[in-house]
Colleague: 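Have a look at this one.
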Amino acid sequence: MTTVQKIKEVEDEMARTQKNKATSYHLGQLKAKLAKLRRELLGPAGGGGGGGGIGFDVARTGIASVGFVGFPSVGKSTLMSKLTGTHSETSEIDFTTLTTVPGTVKVHGAPIQILDLPGIIEGANDGRGRGRQVIAVARTCNLIFIVLDVLKPLGDKKLIETELEAFGIRLNKKPPAIIVRKKDKGGIAITNTVPLTNIDQEEIKAILSEYRINNADIAIRQANATADDLVDVIEGNRVYIPALYVLNKVGCSRFGHFYVTPVDALTQIDAISIEELDLLYKIPNSVPVSSREWMNIDELIDRMWETLDLVRVYTKPRGLAPDYNSPVVLKRGKCTVEDFCSSIHKEIAKQMKYAIVWGASAKHSRGQKVGLEHVLEDEDVVHISKK
């Protein structure tokens with residue numbers, strides 16, 4: 001029996017099993033077994049799904065990378081071409097893009113790499129349509145644009161989320177506040193600072209048993225923690241990536257409302273109403289756009305910048321005005337004065353005597369003298385004084 005068949009068998013058994021106190025231990029074992037099978041499928045032993053492969057490995061440029069993920073013919077390549085000026089083959093037929101096509105767009109002075117990935121199909125995480133290579137590239141991105149056809153957004157959204165989840169990508173989530181600390185003896189000790197509403201101790205022990213963990217301290221500090229969260233922590237190979245849902249093929253009427261961009265204009269306009277488009281805006285993290293007519297792209301770029309959460313820092317040479325044209329762009333969480341110095345040249349931090357900072361992170365409007373550990377905020381101005 002192949003790994004894919006084993007996965008299907010476990011999924012079928014989980015679907016047949018009702019969740020109650022009597023079955024919680026069994027369900028916990030099944031969830032852990034399913035996670036192990038998926039790891040086997042996606043790892044080198046399961047067919048080499050971890051690497052990019054020919055046409056998928058690209059040189060990384062810019063301060064952050066954004067990957068376009070979606071089914072074929074939803075307008076990814078058109079959006080990519082117009083955003084970056086990079087040619088990505090477009091056509092009405094499916095699978096026009098067969099390799100990763102990189103491009104760069106500058107936003108607020110920061111170069112951001114855009115990756116147009118080939119369209120995926122249902123079953124991509126099992127290797128169909130080179131889906132594993134596509135999703136492996138998506139795992140390395142700082143932000144994922146899930147590009148959806150506006151006429152069927154919810155169905156496609158669910159399918160793509162399922163494919164990415166199966167590959168260990170967690171969209172718009174934070175790592176679970178669960179700690180698993182293995183030890184040499186003493187058995188299993190479970191502590192929780194919040195009520196366990198979606199998982200019980202029997203299910204926790206079943207999951208640990210499946211992973212052959214007989215001695216460990218488990219600390220759960222997250223409300224509504226689930227068995228899947230515990231499995232994710234034990235597996236340790238999950239990636240947590242923000243995502244925006246780009247609802248493409250929308251236009252704008254003379255009344256200022258959105259409508260569907262025509263491929264067959266009359267058919268598609270009749271297929272969706274203004275009320276339905278209002279509902280689309282209620283989908284969390286969604287942005288309706290028309291890549292062909294360049295409608296609402298400004299909002300998409302603004303949302304991209306906001307989600308990436310980058311920090312611009314301007315340099316100020318002694319006796320001169322700050323250079324607002326070429327900011328040093330840092331990632332949130334790695335934006336200390338030391339990070340700022342290292343991004344310019346690795347020797348600057350060693351030569352620095354002190355820095356003067358103006359902006360949101362400074363205590364005084366006239367500037368604050370700080371050291372290497374000072375955390376910078378967006379649009380701060382920094383002068384480095386050397387020894």
Side-chain angles (χ1 to χ4, degrees), residues 59-68 83-84 102-115 138-145 169-175 239-244 246 284-285 287 297-318 320-386:
R60 290 308 171 94
T61 60
I63 188 65
S65 59
V66 179
F68 286 7
L83 268 177
T84 66
T104 303
V105 60
K106 267 205 167 187
V107 182
H108 301 306
I112 296 172
Q113 186 177 48
I114 305 293
L115 301 175
R139 276 180 66 97
T140 66
C141 293
N142 303 105
L143 171 64
I144 294 176
F145 277 0
I169 296 175
R170 301 295 178 258
L171 300 174
N172 297 320
K173 292 180 181 178
K174 292 183 178 180
V239 292
Y240 297 83
I241 305 175
L244 290 176
V246 183
N285 306 302
V287 185
I297 300 299
D298 289 343
E299 181 184 345
L300 178 63
I301 292 173
D302 288 344
R303 292 285 298 277
M304 175 178 72
W305 177 262
E306 178 186 321
T307 307
L308 286 171
D309 199 16
L310 300 175
V311 176
R312 293 162 290 173
V313 182
Y314 304 108
T315 57
K316 185 189 181 305
R318 183 183 295 275
L320 298 175
D323 180 6
Y324 292 110
N325 294 320
S326 302
V328 175
V329 184
L330 306 171
K331 293 179 181 177
R332 183 75 63 182
K334 293 184 178 180
C335 54
T336 63
V337 171
E338 185 173 8
D339 295 321
F340 167 76
C341 293
S342 299
S343 67
I344 299 172
H345 195 281
K346 60 183 179 181
E347 295 297 323
I348 292 180
K350 298 176 184 177
Q351 299 168 0
M352 190 187 95
K353 185 177 181 182
Y354 61 84
I356 300 176
V357 177
W358 296 265
S361 72
K363 292 181 180 178
H364 321 293
S365 60
R366 64 181 180 275
Q368 179 186 354
K369 187 184 287 188
V370 299
L372 289 171
E373 70 285 348
H374 180 80
V375 178
L376 299 167
E377 291 294 335
D378 190 33
E379 296 198 279
D380 275 357
V381 175
V382 177
H383 166 73
I384 302 294
S385 180
K386 295 184 179 180

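When reading the values below, keep in mind they use all heavy atoms of this one structure, side chains included, and skip hydrogens, waters and symmetry mates.
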Colleague: Would you say Asp339 and Thr336 are linked by a side-chain donor-acceptor pair, where the criterion is simply a distance under 3.5 Å?
Modeller: yes
Colleague: State the OG-CG distance between Ser343 and Leu330, to the nearest 0.5 angstrom.
Modeller: 5.0 Å
Colleague: At what distance, to the nearest 0.5 angstrom, does NZ of Lys331 lie from CG of Leu308?
Modeller: 9.0 Å
Colleague: Is the closest basic N to carboxylate O distance between Glu338 and Lys350 below 4.0 Å?
Modeller: no
Colleague: Output all residues satisfying side chain to side chain donor-acceptor pair (under 3.5 Å) with Thr140, sequence neighbours left out; order by chain, then residue number.
Modeller: Arg60
Colleague: Taking all non-hydrogen atoms of both residues, which atom of Val337 and which atom of Ala355 are closest, and how far apart?
Modeller: CG1-CB, 4.1 Å
Colleague: For Arg366, does its backbone N or O pair with a side-chain atom of His364 as donor and acceptor, under 3.5 Å?
Modeller: no
Colleague: Please confirm whether the backbone N or O of Ala360 pairs with a side-chain atom of Asp380, one donor and one acceptor, at under 3.5 Å?
Modeller: yes
Colleague: Between atom CG of Leu244 and atom CE of Met304, what is the distance when rounded to the nearest 0.5 Å?
Modeller: 9.0 Å
Colleague: What residues form a side-chain contact (heavy atoms from CB on, under 4.5 Å) with Ala321, not counting sequence neighbours?
Modeller: none
Colleague: Hey, can you tell me if Phe145 and Phe68 have their rings parallel, tilted or perpendicular (30° and 60° cut-offs)?
Modeller: parallel
Colleague: Hey, what do you get for CG (Leu83) to OG1 (Thr104), rounding to the nearest 0.5 Å?
Modeller: 11.5 Å
